[in-house]
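The block underneath contains the structure these notes are about, expressed in structure tokens.
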2 protein chains.
Amino acid sequence: MPDQWASSGLDLHLVVDRAHGLRAGLERALREAIREGRLTPGDALPSSRALAHQLGVARGTVTQVFEQLTAEGHLVSRPRSGVRVAPRTPAAAAPVLAPAPAFRPATDGFDLRPGLPDLSMFPRRQWLAATRHVLQKIPNTALAYGDPTGDLALRTALADYLGRSRGVITTPEHLVVCAGYTHALRIICQALQGTIAFEDPTLQDYPALAARLGLRVSRIPVDGDGLVAGQLTDEAAAVITPAHQFPMGVTLSPQRRRELLDWARRTGAVVIEDDYDGEFRYDRQPVGVLQGLGPEQVVYTGTVSKTIAPALRIAWIAAPTRLVPMLRSALAFDEAYVNVIDQLVLAHLIRHGELDRHLRRCRSRYRQRRDRLGRAVAEHLPGARLSGIAAGLHAVLHVPGATEADLLGRLAARGVAVDGLSRFYQDPRAAPPGVVVGYATPAQHAFDGAIGELVAALV
Amino acid sequence: MPDQWASSGLDLHLVVDRAHGLRAGLERALREAIREGRLTPGDALPSSRALAHQLGVARGTVTQVFEQLTAEGHLVSRPRSGVRVAPRTPAAAAPVLAPAPAFRPATDGFDLRPGLPDLSMFPRRQWLAATRHVLQKIPNTALAYGDPTGDLALRTALADYLGRSRGVITTPEHLVVCAGYTHALRIICQALQGTIAFEDPTLQDYPALAARLGLRVSRIPVDGDGLVAGQLTDEAAAVITPAHQFPMGVTLSPQRRRELLDWARRTGAVVIEDDYDGEFRYDRQPVGVLQGLGPEQVVYTGTVSKTIAPALRIAWIAAPTRLVPMLRSALAFDEAYVNVIDQLVLAHLIRHGELDRHLRRCRSRYRQRRDRLGRAVAEHLPGARLSGIAAGLHAVLHVPGATEADLLGRLAARGVAVDGLSRFYQDPRAAPPGVVVGYATPAQHAFDGAIGELVAALV
């Protein structure tokens, strides 16, 4: 039952809805008048006595409304000048702030930086169909707080998939679903103490994260056989990329695998296997995971970032039995981090063979691209050499007689973005001259042009 | 060009595909034979000499294959017994582990514990339609690593939504999208040093999380006006639930709001506003957020866990300008944590008014339930009293003359699960006797039965 109320001092019509009481209605009407600009900063309100009289209510009700709106910052009350509409603060409170720096700054030209799959291959139709299926089927209870270690349906599908496609020896109870590899590494680091070794070269963000979480960090060099395992001493853990070292592309040799596991068995340390692109192997069968040789020594980690898309933010840990209690304790104050619907969508895609089909399509495309890159280098850059081409989504291009700065400069001049090797080394001066070429990154229509510009810049 | 190879010692046919070279083909054939059980643990392989002869290749090729498969753990090589298939280790390596404890253990009977919305109201049709729209429209580049602070489209939609529905004064650049409130609190704590105050009572997991992140924790009591702000001293931050204190349900009074913001202005501390159920207010307009009164003193946090579903794992921070660099620095080594597709789905639902429509449906249902609970208590439990009923999804039921243990026992005997108040107090003995009733939790068909059992147990 709205009242019309016209203030004599202000040309203002307040519609007071009494449905929930006059006090609530008046509060609301004043708030809206201020929000809509009918009452503007500095406007004087009628006295509580006058307003109470006009509305036929107790003066105390009006006083309470004024007090509430003053507490909310809509009104100000000053001796002798009565109650007025407060000055606007939004301009002061929300000044212009620069956007946050991008995780991966955009590039205008040809993007051949490593780290991304061809995102035009994202299985949009399959993802949508699986989402429809999940939303039709899941019980309401599945929409509550999920299992902090990940939904059982996804962990079950993953245990099977990882066993058959990567040789991982695990069970759903040994798996933890995470919101990306960084999240996985964070959880693992929270379960560790002491020193953690990283490969040199590696992505610098990872040792930096471990250091910020309170661990000491050591760096172990990589040679043509992968990590020089013999240099490990009393570290509690070592993070490695055995299938396709990032960024050098080396596969850890059988001898080094043995050394690494012997070290872990002898010292009680754990090996953290970052199997970021292990699904992609072109010239022979995938190299089995290190974890399969030492399930009690190796914490295996994998992700959909290279197989489907980083945007999904899904990764996983397959942990040794003795580490599971520590990981669960690290998760103890956490809710789950990954949307349960997305977990069930991925589980559906794995169970119905959609992930395998998608991987076959990707493998075929990336192998063609790798071969195309290899031919272009062989034809146009006779002194140059590609390494790390047996697997993964990137290769290292070595061009004798040129410095990295020179190579990057010539490429940038043609609008080609790649990563120099030096950014991955603890001491950039220790890096061999070369650039990392992510040949999966461009969309298919842009790939030939990108490779053409790459070799033209370096001829 | 497959070869058929039959070992004389083993009744075994290996199909060796030479397409990628004999070495790769032989490796693959042996691996598959072991995986499929045609070669079983303990089986002896032909000598490398015999096998090389049979296949017409260099003996070194066969030796390399054996070495690779030995490194992978498929074969074992022992003096005098030659090369044999390795014993299976999965049983030893992946022993039976108990499932992780549930974040919220299941209950068989009537679930009236607080913390969940009615999950049967999840807007499945709208979520699917928005997912279809997003998957049809987004460019491939949106599927890469997202903005660590959240997708700009969601932050823009949220800044508008929070301003008009909650009175939050913010911009997209002041917002950070997180994977749930726990993640938000973690990021905020990482940007703080010193002591952080929590309400007493509160959910104990939150002070525990802050302590684990290295902050000192103080606890400030709550009375009928909310947090006793005058007891704050030199804390760097205070976490509060001003709209509807959890679990007591009090709304922070205007006087206390002023005291709290005065304290923050005077000392430079920040107030962390946990607006977990602020969208639900039944008897009058929503109480404006504290942040609207002091955008430079208050870190505002909100979530979809109570408005849509916890399973989605989406929450947000609206930070004061001076805190934004610290939050970005806390995020510096993180990738984004929330699926970009889900962020765009939520942005779509907000922009198209679907979230508002959903909230109106929920508000209406929860108001009816609250009224139903109130009538049941008034009719059947004349000495009892409900508090905290003006807002949110839960109320506190006080029953004079009964201990909490007595109440919980009588309820459990009828299969009714609620939370006792004492679990939320730093000193459980300080808790008034009473139980927290989450009246949004049951599905609609179970609600009347649940309330019936609740009052029957306590008569």
Answer yes or no: is there a side-chain heavy-atom contact under 4.5 Å between A:Ile138 and B:Arg124?
-> yes
Non-hydrogen side-chain atoms of B:Thr131 and A:Leu128 separated by less than 4.5 Å = yes
Over all heavy atoms of both residues, which pair between A:Pro101 and B:Pro148 is shortest? Give the atoms and the distance, please.
-> O-CD, 4.3 Å
Shortest non-hydrogen contact between A:Tyr145 and B:Gly115, atoms and distance = CE1-O, 3.7 Å
Is [X] in contact with chain A via its backbone, its side chain, both, or neither, using a 4.5 Å heavy-atom distance?
| X | result |
| --- | --- |
| B:Arg155 | neither |
| B:Arg328 | side chain |
| B:Thr441 | neither |
| B:Pro139 | backbone |
| B:Ala142 | backbone |

Side chain to side chain contact (heavy atoms under 4.5 Å, CB included), paired with A:Asp342, selected from B:Asn339, B:Val338, B:Ile341 = B:Asn339
Max heavy-atom pairs within cutoff under 4.5 Å with chain B, candidates A:Ala144, A:Pro320, A:Ala309, A:Ala443, goes to A:Ala144
Counting heavy-atom pairs under 4.5 Å with chain B, the top scorer among A:Ala102, A:Ala98, A:Gly294 is A:Ala98
Calculate, to the nearest 0.5 Å, the distance between atoms [atom1] and [atom2] belonging to [X] and [Y] respectively.
| X | Y | atom1 | atom2 | answer |
| --- | --- | --- | --- | --- |
| A:Leu116 | B:Thr141 | CG | OG1 | 10.0 Å |
| B:Asp147 | A:Arg104 | CG | CZ | 14.5 Å |
| B:Leu143 | A:Ile308 | CG | CD1 | 11.0 Å |
| B:Gln343 | A:Arg313 | CD | CZ | 10.5 Å |

Let me know if A:Thr149 has heavy atoms under 4.5 Å from chain B in its side chain, its backbone, both or neither.
-> side chain
With under 30° as parallel and over 60° as perpendicular, where do the rings of B:Tyr337 and A:Tyr337 fit, or are they tilted in between?
-> tilted
